[in-house]
Structure formats: structure tokens, C-alpha cells
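We count ligands from 1, going down the list as the structure has it; atoms in each ligand are counted the same way.
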Amino acid sequence: MLNIVLFGPPGAGKGTQAEKLQEKYGILHLSTGEVIRGEIGRGTELGKLAAEQMEGGKLASDELVLGIIAKYIEEHKSAPGVIFDGFPRTLPQAEAFDRMLDEAGTKVTVMLALEVPDEVVTERILTRGKTSGRADDQSIDTIRNRIEVYKKQTAVVADYYKKAGKFRAVDGVGTIDEIFGRLCAAIDALR
Ligand code: AP5
Ligand code: MG
């Protein structure tokens, strides 16, 4: 299985690139953010709980997110590979993820980390916010807080994969196609 952790700050282009990678490599794409927004949109209990936890740009709890991942892994055991977009986002998530994949007889192939400066991601999110309808794109305070949360709680996850020899940094500034080319080169170099 080709299991890719697509990493990077809010607005780095994870979702955009995951769509393209999914098509090229014939693998699946799981965005935990999108799953949670779907639950919120349908007004489920999980969605209500997540919306409370995420208020102001905070993370959802590890417990909630790991529940989503466990179910996904269980339901997609025979997939040729998965792009995990926006997960893992904390150290406990990364550790639990390794255990879950191990039990399923697979492992993370690589972490591809899109590197994009704060000003660029802020601008991208503000632009998207005009049309996305995403609650967390609407206020500059929430966007700044998401970037802070990324630095304080999520950036350490990169070190976890560095220690495992699975970390690859990718320049996330440029056109969508340029960045896609860099990601594909990093994946093809593994084979
Ligand atoms: P999530 O949905 O994962 O949001 P995020 O990480 O904040 O990232 P975004 O989806 O905003 O950006 P992206 O990197 O996908 O970029 P995109 O391709 O859209 O998470 C949302 C929330 O859910 C979290 O804050 C948290 O509360 C919760 N959550 C999710 N996972 C969790 C977890 N594991 N643990 C706990 N909580 C969790 O691009 C952004 C914009 O830029 C788009 O408009 C795009 O068109 C544009 N764009 C993309 N590439 C380029 C380019 N090269 N040039 C110009 N514009 C570009
Ligand atoms: Mg996204």
C-alpha cells in the first residue's frame, strides 16, 4: 500500500494536491477536516461535539479524530493506498496511527510536507473564504489561530516522521502544477 501523509499548515494546498495525486496514483484520499465538516453539516452528534471542540480554530480531540481513522482503516483494508490529508496532527495521533496501521498489516510510506510561509497561506485562505462557506475561513483571528495551533501542536509531528526516516519536505509555493510535479518526483523517487 502507498500510504501518504500529506502534511502542511492550513491553506498549504493539501486538499488541492491530494485530489490530483489520488487521480494519478489511483489511491484514496481522506481529509479528516472534510469528514468532520460533513458530520457538522448533517448535524450529527459527532458533528456537534466536533464543532464545540474546534471553536475559534482549535483542533478536534484526538479521541474523536482517531475514531474516524479507525473506522476508515477498517472499511478500506484492501485499498491500494490512501492519502491522509490533515492527519495525524498531534503526537498521540501519530503514535496511535502507527499502531492501527500495524494491526492492519500496513504502514506509512512517506510524509510529504508542503512548506508555505504564513503570509502566503493566510492570503490563500482569505481568498477561499469569500466563496468556501467554511466557518474557519471567515475571520482573520480564526485563521491566525489555526496557524498558531499548527505551530504549537502539529509541527512536532514532522519530527516524528523525520526520526522514522520518512519525512520529505516539498516547496509548496508556486503554481498548482509546479507543486504537483515536486510531489510526484518525491513519490516516484521512493519506488
Ligand atoms: P482541515 O480541513 O484539514 O483544514 P486545514 O489543515 O486548516 O487546511 P485547509 O483545508 O484549510 O487547507 P489545505 O492545506 O487543504 O489547502 P487547500 O488545498 O484547500 O482541518 C480543518 C479543521 O478540522 C482543523 O482546524 C481542526 O479543527 C479539524 N481537524 C482536521 N483534522 C484534524 C486532526 N487530525 N486532529 C484534530 N483536528 C482536526 O488550498 C487552500 C486554498 O489555496 C484553496 O482555495 C486553493 O484553491 C488555493 N491554492 C492551493 N494551492 C495553491 C497554489 N499553488 N497557488 C495559489 N492558490 C492555491
Ligand atoms: Mg484541506
Could you pull out, from [options], the option with a heavy atom nearest to [atom]?
{"atom": "atom 26 (C) of ligand 1", "options": "K58, E19, R128", "value": "K58"}
{"atom": "atom 34 (N) of ligand 1", "options": "G86, G56, G129", "value": "G86"}
{"atom": "atom 47 (C) of ligand 1", "options": "Q93, R124, E34, E55", "value": "R124"}

Tell me which protein heavy atom sits closest to [atom], plus the residue, atom name and distance to 0.1 Å.
{"atom": "atom 6 (O) of ligand 1", "value": "R89 NH2, 2.6 Å"}
{"atom": "atom 28 (C) of ligand 1", "value": "M54 CE, 3.7 Å"}
{"atom": "atom 12 (O) of ligand 1", "value": "G11 N, 2.9 Å"}
{"atom": "atom 7 (O) of ligand 1", "value": "R146 NH2, 2.7 Å"}
{"atom": "atom 31 (N) of ligand 1", "value": "T32 OG1, 2.7 Å"}
{"atom": "atom 37 (N) of ligand 1", "value": "A60 N, 3.0 Å"}
{"atom": "atom 8 (O) of ligand 1", "value": "K14 NZ, 3.2 Å"}
{"atom": "atom 29 (N) of ligand 1", "value": "I36 CD1, 4.0 Å"}

Does the side chain of [Y] come within less than 4.5 Å of [X]'s, by heavy atoms?
{"X": "D137", "Y": "K130", "result": "no"}
{"X": "I40", "Y": "L46", "result": "no"}
{"X": "D171", "Y": "R182", "result": "yes"}
{"X": "M100", "Y": "L66", "result": "yes"}

Is [X] in polar range of ligand 1, meaning some N or O pair under 3.5 Å apart?
{"X": "I125", "value": "no"}
{"X": "G15", "value": "yes"}
{"X": "T16", "value": "yes"}
{"X": "D85", "value": "no"}
{"X": "G13", "value": "yes"}
{"X": "I179", "value": "no"}
{"X": "G174", "value": "yes"}

Which of the atoms in ligand 1, numbered in the order shown and given with their element, are less than 4.0 Å from a heavy-atom of [X]?
{"X": "D136", "result": "21 (C)"}
{"X": "R37", "result": "2 (O), 21 (C)"}
{"X": "L59", "result": "27 (O), 36 (C), 37 (N)"}

task: On the 0 to 90° scale, with breaks at 30° and 60°, tag the F84-F87 ring pair as parallel, tilted or perpendicular.
output: tilted
Is there a path from [X] to [Y] through hydrophobic residues (I, L, V, M, F, W, Y) whose side chains come within less than 4.5 Å of each other?
{"X": "F7", "Y": "V108", "answer": "yes"}
{"X": "V82", "Y": "Y161", "answer": "yes"}
{"X": "V173", "Y": "I176", "answer": "no"}
{"X": "M54", "Y": "I143", "answer": "no"}
{"X": "Y160", "Y": "V65", "answer": "yes"}

Part of V149 within contact of ligand 1 (heavy atoms, under 4.0 Å): neither
statement: Within the 4.0 Å heavy-atom cut-off, what Q17 brings close to ligand 1 is neither
message: Under 4.0 Å between a side-chain nitrogen and a carboxylate oxygen: does that hold for E95 and R99?
response: no
In this structure, does ligand 1 have an atom that sits under 4.0 Å from one of the heavy atoms of [X]?
{"X": "G8", "answer": "no"}
{"X": "V65", "answer": "yes"}
{"X": "E178", "answer": "no"}
{"X": "R134", "answer": "yes"}

Quiz question: by atom type and distance under 3.5 Å, do the side chains of [X] and [Y] form a donor-acceptor pair?
{"X": "D136", "Y": "T142", "answer": "no"}
{"X": "T109", "Y": "N3", "answer": "no"}
{"X": "Q153", "Y": "T90", "answer": "no"}

task: Run through the side-chain heavy atoms of Ile, Leu, Val, Met, Phe, Trp and Tyr, join any pair under 4.5 Å, and report what else lands in V149's cluster.
output: L59
query: Other than F180, which residues form its hydrophobic cluster under the rule that side-chain heavy atoms must be closer than 4.5 Å?
result: L2, I4, L6, L21, Y25, I27, I83, V110, L112, L114, V170, I179, L183, I187, L190
